[in-house]
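Everything below concerns the one structure shown next.
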4 protein chains.
Amino acid sequence: MSKSEKREEIVRAALEIIAEHGFHGAPIAMIASRAGVGAGTIYRYFANKDILIAALYQEIEERLYPFILRGYEPARPIRERFLHLGAALLRYCIENPLDFRYVEQFHNSPYGAALRRARLLGEGGERETFRALFEDGISQQVVKELPVTVLCALAFGPIFAVVRDHILDFTRVDDALMAKTVAACWDGIRR
Amino acid sequence: MSKSEKREEIVRAALEIIAEHGFHGAPIAMIASRAGVGAGTIYRYFANKDILIAALYQEIEERLYPFILRGYEPARPIRERFLHLGAALLRYCIENPLDFRYVEQFHNSPYGAALRRARLLGEGGERETFRALFEDGISQQVVKELPVTVLCALAFGPIFAVVRDHILDFTRVDDALMAKTVAACWDGIRR
Amino acid sequence: MSKSEKREEIVRAALEIIAEHGFHGAPIAMIASRAGVGAGTIYRYFANKDILIAALYQEIEERLYPFILRGYEPARPIRERFLHLGAALLRYCIENPLDFRYVEQFHNSPYGAALRRARLLGEGGERETFRALFEDGISQQVVKELPVTVLCALAFGPIFAVVRDHILDFTRVDDALMAKTVAACWDGIRR
Amino acid sequence: MSKSEKREEIVRAALEIIAEHGFHGAPIAMIASRAGVGAGTIYRYFANKDILIAALYQEIEERLYPFILRGYEPARPIRERFLHLGAALLRYCIENPLDFRYVEQFHNSPYGAALRRARLLGEGGERETFRALFEDGISQQVVKELPVTVLCALAFGPIFAVVRDHILDFTRVDDALMAKTVAACWDGIRR
DNA sequence: GATGAATGAGCGTTCATTCAT
DNA sequence: CATGAATGAACGCTCATTCAT
């Protein structure tokens, strides 16, 4: 196994186990054994468990962002752009439930809050795209005049809630329902 | 300190520490010391940590439910009823951020998922009220024809997201913004 | 409940619980609740748990000794005297299994060894009777010329072993088997 | 220290401390420190304390059995066979007092009773040898017609009692006394 | 005198991290 | 480099003992 393959195995194992059992249910020894490496080896790639956790979060973001931007055209009308981004986000989460579960676990830790706070100040990855969309929408008087954070809440809150229900098998989400959900989110933010 | 005061102190200490640091950041010894009691004392009131956690969740529910139903009139129009419930829910969370944080932690634990699943089957406390409202709304063709779980997501998702941002000081939520937020949620679910 | 009744209840409860569950399975709180008194009350009668344990042992000895001496006639022949004492001892243990179990637990604790050592030096209750019997037997050349401790071992060892098996339901001991067992013990020590 | 030496050290430390102080007087931390290892290390070799205790018992049995069978010839006369086994058993206990004390502690625990009960049903290690001997003896009309459990009591009861006295320094047991003791046991069971 | 709630030292056990091999 | 055995601090929990009522 090459060096980078090993790293990948570790990250994959951590994702699976943490998504499934949460942070407390994921001892380093279990991650190592699922990854097929020694426990000490993990510390060659990540200084400690917190850093592994943060790096994994990073990786997920780096998969998500290209996914939702694929085919995105900033020149299209606001509504169309929103429907594209919302649908892509929803689809990604439905198709990558481990990633979604992991991100939820992460945000629900002291660590996650720190990161979110840091994001507010600096550049925010895909956040920027949504921020630009909402600010365009406001200035074109297509979107409600609300703080961007609230618009985010109106747009993403329902999407993530639907994904949660889907993962817990409370709601079966198919393409049709995905479209309707995102459309309803648009109703929430549009003027 | 009287017997019931001691119990209350324990519950309050647990609420504060768990809301702030999560379940892993809240050892029994820390809860005990914050409550001003010995560690063993907690076990006179709660058989073990899990039961303390569940009891605290129960207590929060028992505070929340009466709060949001105060002044609720099931005979009023759907929209009005929704605005009442949504605003009350949002206000409760804003005014009781520890309760909100705690409930989030709880739902994000294996324990919480088990409870949610159990709720789906049996009677669900305040859930019933919302379910009735949404089903009324659908049959009166005032609300979108979507699964109740999705309507819940559209209604509560944004509310909880706004509360999260408020607690993290990302958004300052005043009465006006609360009203606008709930109104936007209504736009999301109404036909 | 009078003062001495209360003491008796405590001792009885301790006997039952310790005989059944051993010393670790017998917290003071459990003894108190079985005795129908408060936990603190036990400390009015016994300075601490060790002293309760020792006092209970004492009480059992004080029941056993009169029982085996009932009808004992030191003037009768050695063999007859031995059969009397052996049968009485065996019968007592079979009929009072809690006492027997307790004594076994006791002897198997650091405490029990200390007591046995103390006994060797001072006067030893019923031990004296047996010692006298064996020494008579040796001087009359009816009993093997062995140290008294070894004669005790030959006489009591099998009796206690049989009782253990009876209590664990490995052997059903009736009057006939009791007689045969004691007779065999006699064969062990007689010339 | 090699891996298997470490395991051995742990077992030896546990034997010493439990033999001396009983199960409650032998916390894991004390065993670890006597063994010269960290407390957590014990759990690499034994899943928990109960399993350590059971494994140690097993090891003692596996030392005892070969010892008493060394030079045993099933073709010799009953009496000779009994004297061989009895003397070997007695010698083993005298020479390995820690083993003896440990086994006594073990049998006097809920765990030990469970094992004894299990033994009654299945094959019983060295028990089988003694059982065969006694049954041979009965059918050859050399041994008293008593239940095997009672014959065991007559044979082993005195031996273990003598060992107890020896360990507590009540009786000094030398080769001559060992021989006499076993001979007396034979008198107890022979016709 | 009697109570039982309160205490906290001490238990068995886990697991992030280190380091000899 | 990679390993995984070793570590020990920290956890949840029990229970003998105390003491305010």
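Below, read A as the first sequence line, B as the second, and so on, with proteins coming before strands; counting in each chain starts at 1. The structure presented is a predicted model; accordingly, all values stated were derived computationally and were not measured.
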Which atom pairs link the protein and nucleotides 14-16 of chain E when you take only N or O atoms and keep those under 3.5 Å?
residue	atom	partner	partner atom	Å
E:dA16	OP1	A:K49	NZ	2.9
E:dA16	OP2	A:I28	N	2.6

For this session: With heavy atoms under 4.0 Å as the rule, sort A:F46 into base, sugar-phosphate or nothing.
Result: nothing
Exercise. Contacts to DNA chain F from residues 51-58 of chain B, heavy-atom cutoff under 4.0 Å, which residues?
Worked result: none
For this session: With sequence neighbours left out, write down each residue that passes side chain to side chain donor-acceptor pair (under 3.5 Å) with A:H21, or none if nothing qualifies.
Result: none
For this session: Could you list the residues that satisfy side chain to side chain donor-acceptor pair (under 3.5 Å) with A:R164, not counting sequence neighbours?
Result: A:E104
If you look at every heavy atom in [X] and [Y], which pair is closest and at what distance?
| X | Y | answer |
| --- | --- | --- |
| A:N48 | A:D50 | OD1-N, 3.1 Å |
| A:A39 | A:A32 | CA-CB, 3.6 Å |
| C:I28 | C:Y43 | CG1-OH, 3.8 Å |

For this session: Round to the nearest Å and state the distance from A:I31 atom CD1 to E:dT17 atom P.
Result: 11 Å
Exercise. Rounded to the nearest Å, what distance is computed from the CD1 atom of residue D:I42 to the P atom of nucleotide F:dG8?
Worked result: 12 Å
Problem set entry | Min side-chain heavy-atom separation C:I42-C:I31 under 4.5 Å | yes
Exercise. Should B:I53 and B:Y102 count as side-chain neighbours, where that means a heavy-atom distance under 4.5 Å?
Worked result: yes
Test ring-ring contact (aromatic ring centres under 6.0 Å, His included) applied to [X] - qualifying residues, sequence neighbours left out:
| X | answer |
| --- | --- |
| B:F160 | B:F100 |
| D:Y45 | none |
| D:Y57 | D:F106, D:H107 |

Problem set entry | Residue whose nearest DNA chain F nucleotide is more 5′ - B:D50 or D:V37 | D:V37
Could you give the side-chain donor-acceptor pairs of residues 8-18 of chain D under 3.5 Å, partners two or more places apart or in another chain?
residue	atom	partner	partner atom	Å
D:E9	OE1	D:R12	NH2	2.5
D:R12	NH1	D:E16	OE2	2.5
D:E16	OE1	D:R34	NH1	2.4

Exercise. Who pairs with D:E62 by salt bridge (Lys or Arg N to Asp or Glu O under 4.0 Å), at least two apart in sequence or on another chain?
Worked result: none
Seminar exercise, completed: Applying salt bridge (Lys or Arg N to Asp or Glu O under 4.0 Å) to A:E61 and not counting sequence neighbours gives A:R119
Problem set entry | Strand DNA chain F as a dot-bracket string - pairs counted if Watson-Crick or G-U with both distances under 3.5 Å, | where the partner lies in another strand | .||||||||||||||||||||
Exercise. Near DNA chain E, which residues from residues 5-21 of chain B have a heavy atom under 4.0 Å away?
Worked result: B:K6
Exercise. Are OP1 or OP2 of F:dA5 and a side-chain N or O of D:R44 less than 4.0 angstrom apart?
Worked result: yes
